[in-house]
Amino acid sequence: MAGEGLPRLCSLVEVRLSGFHLYPRTIIGLGRLLHLQLLEFDIRCTDLLWDAPHGYHKELFPNLAHFVVRANCFEWALIFLETVASPNLEELSIACTEQPAPAIVLHALCEVISEGPWKDTLHTLRLTSGLRNDIRWPVRLYDPVDVLSPLFKLPMLRRVTASGRCRMFMGDATIESLAKAWPGITYLDFGDPPES
């Protein structure tokens with residue numbers, strides 16, 4: 001989907017695209033829609049230099065409130081999130097649909113999320129690292145404090161899910177850290193994958 005006609009769809013508030021390959025110029029076109037509040041799509045990134053929208057730091061998606069993306073790598077989402085200008089983002093869902101990400105990549109994604117202009121509005125976050133039942137990949141083990149600690153800067157988080165082909169270590173110190181960072185948390189799901 002190339003996006004040449006997007007400027008004529010200036011009243012769009014909600015866009016859900018599944019099964020389309022979105023070119024960077026399409027994503028940039030969607031980002032210029034001033035009324036867009038919900039965006040959901042799939043992306044298959046084969047080359048970060050080509051497939052990601054570069055050079056639009058905090059210039060796009062001025063009113064985005066809900067964003068759902070399913071990508072084959074978290075690195076694409078790192079680049080995309082840096083383009084989002086909306087201080088109104090309430091719900092963010094990012095799924096890595098292939099190999100579970102290394103802890104360092106998931107940590108970097110959490111850093112980008114924590115530095116966005118939505119610090120006072122983001123209340124729901126869902127991260128999926130690999131597909132739960134995809135036995136091609138071994139289960140990744142994460143320490144939630146090491147990986148998620150950048151998110152502790154987001155005090156408005158109420159719902160946090162980290163799932164997929166990964167397992168989080170939970171102990172008393174972890175629970176204490178989460179309780180201090182997110183005093184209003186109402187839902188926490190660190191889904192456990194099946195044994196591999």
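Given the structure is predicted, the values throughout are model-derived calculations rather than measurements.
Put simply, the side chain of Leu106 reaches to within 4.5 Å of the side chain of Leu127, judged on heavy atoms. The closest side-chain heavy-atom distance from Leu81 to Leu92 is below 4.5 Å. Using a 4.5 Å heavy-atom cutoff, the side chains of Ser149 and His107 are in contact. Looking only at side-chain heavy atoms (C-beta outward), Leu148 and Phe190 come within less than 4.5 Å of each other. Side-chain contact between Phe80 and Ile94 is absent, with no heavy atoms from C-beta onward closer than 4.5 Å. Thr26 places none of its side-chain heavy atoms less than 4.5 Å from the side chain of Leu17.
Note that CG of Leu122 is 14.0 Å distant from NZ of Lys153, once rounded to the nearest 0.5 Å.
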Under the ring pair (Phe, Tyr, Trp, His ring centres under 6.0 Å) criterion, do Phe67 and Phe61 qualify, and how do the steps go?
CA-CA 10 Å; Phe67 177 58; Phe61 303 99; 7.1 Å; no
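Both Leu109 and Val105 belong to a single network of hydrophobic side chains, linked directly or stepwise wherever heavy atoms of I, L, V, M, F, W or Y lie under 4.5 Å apart. A single hydrophobic cluster is seen to contain both Ile28 and Val84, as judged by linkage of ILVMFWY side chains at heavy-atom distances under 4.5 Å, directly or through other members. Val13 and Leu39 are assigned to two separate hydrophobic clusters, defined by single-linkage of ILVMFWY side chains at heavy-atom distances under 4.5 Å. A continuous path of ILVMFWY side-chain contacts below 4.5 Å connects Ile185 to Ile113, so both sit in one hydrophobic cluster. In this structure, Leu78 is a member of the same hydrophobic cluster as Trp76, with clusters built from ILVMFWY side-chain heavy atoms closer than 4.5 Å.
Residues Leu36 and Glu14 approach most closely at CD1-N, 3.9 Å, considering heavy atoms. The shortest non-hydrogen separation linking Cys10 to Leu33 is CA-CD2, 4.0 Å. When every heavy atom of Arg16 is checked against every heavy atom of Leu38, the shortest pair comes out as NH2-CD1, 3.5 Å. Contact detail for Leu64 and Gln37: the closest heavy-atom pair is CD1-O, 3.6 Å. Contact detail for Ser177 and Phe152: the closest heavy-atom pair is CB-CE1, 4.0 Å. Closest approach of Gly31 and Pro62 over heavy atoms only: O-CD, 3.5 Å.
Sequence neighbours left out, the pairs with a member in residues 112-131 that pass side chain to side chain donor-acceptor pair (under 3.5 Å) are Glu91-Arg126, Ser129-Tyr142.
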Got a list of side-chain donor-acceptor pairs under 3.5 Å for residues 154-164, not counting sequence neighbours?
unit_1: Arg158; atom_1: NH1; unit_2: Pro155; atom_2: O; d: 3.1
unit_1: Arg158; atom_1: NH1; unit_2: Met156; atom_2: O; d: 3.2

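Side chains of Asp42 and Ser18: a donor-acceptor N/O pair is present below 3.5 angstrom, by distance only.
For the pair Glu40 and Arg70, the salt-bridge criterion is met [side-chain N within less than 4.0 Å of a carboxylate O].
Asn63 contributes a side-chain N or O that, together with a main-chain N or O of Leu34, makes up a donor-acceptor pair within less than 3.5 Å.
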